[in-house]
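Data block below; observations after.
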Amino acid sequence: MKYLIESETLKKLDHRIKKAVKLIKESIGNNPIIIRHHSDCDGYTGAVAIETAIDNKLISRKKWHYLKRSPSRAPYYEYRDAFWDISNHLKDISHEKIPLLLIMDLGSTDQSLFAIKLAKLYGFKVIVIDHHQPTFENGKAIIEKHTDVFINPYVVGGDSNLTAGMIGAEISRFIKKQPVHHLPAIAGIADMAEGKDIEGYLNVAKQKGYSKKLITSIARCIDFQAYYINANSKMTHDLLLSDLKEQKVKAFLIENEIKKLENEAVEKLKALSKISGSQKKIIQIDVSNIYRGSYPPQGKSTGLMFRYYEKQFEEKILVLGVNDSSITIRTNFNDFDVNELIEKLRQKLKHGAIDGGGHEVAGTIQFAASVKNDVLRLIKQYAK
Ligand SMILES: [Mn+2]
């Protein structure tokens, strides 16, 4: 069987993918399989594709002993996850069988090292399928030697544009042939993938009747569900894998609600915006009183306001979503680099517990509440 697209990165990952497929196939019905994944559209898509493939091959009446899937709360495999995965395994009736743990769309950085080591200590087999930049040490991804299979485009010279959901959907087809042609496009669009691979997958989806608009709409709905529910639900399967007509109806209903909530948020945040500067506009929005747990969350709100003001102003803009001890940044200023800014803040505010990260033009900075005004002053200084 071949991959859905011609991809240099997939080709280079091929032997790792084959190894993972072999291990998964050997485990089906013999060993419990635990799927842990990032709680966003990309993570859900890849995990649900593999879950469905395994589920379709499982003939045991005790299916729930042999297949479990749950989203992780943190964007890495953390102690909490390992604790529950190991604890549940120990009290399970099939506890004498070694579980296979599949970690998807997270698990490549040193933040996951301790929890993965712990799972290995309890005999788990571990496969990591991820596309986040791994932590490297002496040129090697430090997680790799603690896993049975490590699949990440960065270890073969690729990057995050081949997403975990794409790889997961491809892997699922080797486990059991199933109609998942549109899933890699959904995963990639959700993660803002660029380049040849996502173009290829959009083409594959189009041939099956999925326009880019529908793909984007489903991706939005899954991200919305992930944010709201963050749990294992067949509703996610419905959105991803029911027939095209049903998918359209459901995505339409949910997306309309998302649009309504986002429009309401824009109105609320407009009233909270303080705009300064002429050629380069700085838009400071106090998001600290926005109800926590409502949609859209802080990061997304800042993105929404960025897109709103980008249309309003011809000038370059810097949007700051300001909370008591964090600021979310979105900008189109030239030469802006959130990571460089964080480094400067760290040097100047040694007592400020500065943390955070992101891309050049989008990211979040965390700090001790006591230095909030200094952080704001220094960000404005940096922006000049
Ligand atoms: Mn992802």
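Counting starts at 1 for both ligands and their atoms, in listed order. Sequential numbering from 1 along the given sequence is applied to the chain's residues.
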I'd like to know whether D14 forms a salt bridge (Lys or Arg N to Asp or Glu O under 4.0 Å) with K19, so could you lay out the CA-CA distance, the side-chain angles of the two residues, the decisive distance to 0.1 Å, and finally the verdict.
CA-CA 9 Å; D14 189 58; K19 214 173 145 193; over 6 Å; no
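Within D191, OD2 is the N, O or S atom that lies nearest to the Mn ion (ligand 1). Residue H131 approaches the Mn ion (ligand 1) most closely through its N/O/S atom NE2. Take the N/O/S atoms of D105: the one nearest the Mn ion (ligand 1) is OD1. Counting just the N/O/S atoms of D42, the one with the shortest distance to the Mn ion (ligand 1) is named OD2.
Centroid-to-centroid, the aromatic rings of F336 and Y382 come within less than 6.0 Å.
Using a 4.0 Å cut-off between charged nitrogen and carboxylate oxygen, E26 and K22 count as a salt-bridge pair.
Within the structure, ring-ring contact (aromatic ring centres under 6.0 Å, His included) pairs that include any residue of residues 296-322 comprise Y309-F313 (at least two apart or interchain).
Listed by chain and residue number, H182, A185, Y210, I215 satisfy the side chain to side chain contact (heavy atoms under 4.5 Å, CB included) test with A205 (two or more places apart in sequence, or in another chain).
Taking backbone and side-chain atoms together, H132 has no N/O/S atom less than 2.8 Å away from the Mn ion (ligand 1). Contact annotation: D40 places no N, O or S atom under 2.8 Å from the Mn ion (ligand 1). Backbone or side-chain N, O or S atoms of D130 do not reach the Mn ion (ligand 1) at under 2.8 Å.
In this structure, K372 forms no cation-pi arrangement with F367, as its terminal cationic atom is not both closer than 6.0 Å to the ring centre and no more than 45° off the ring axis.
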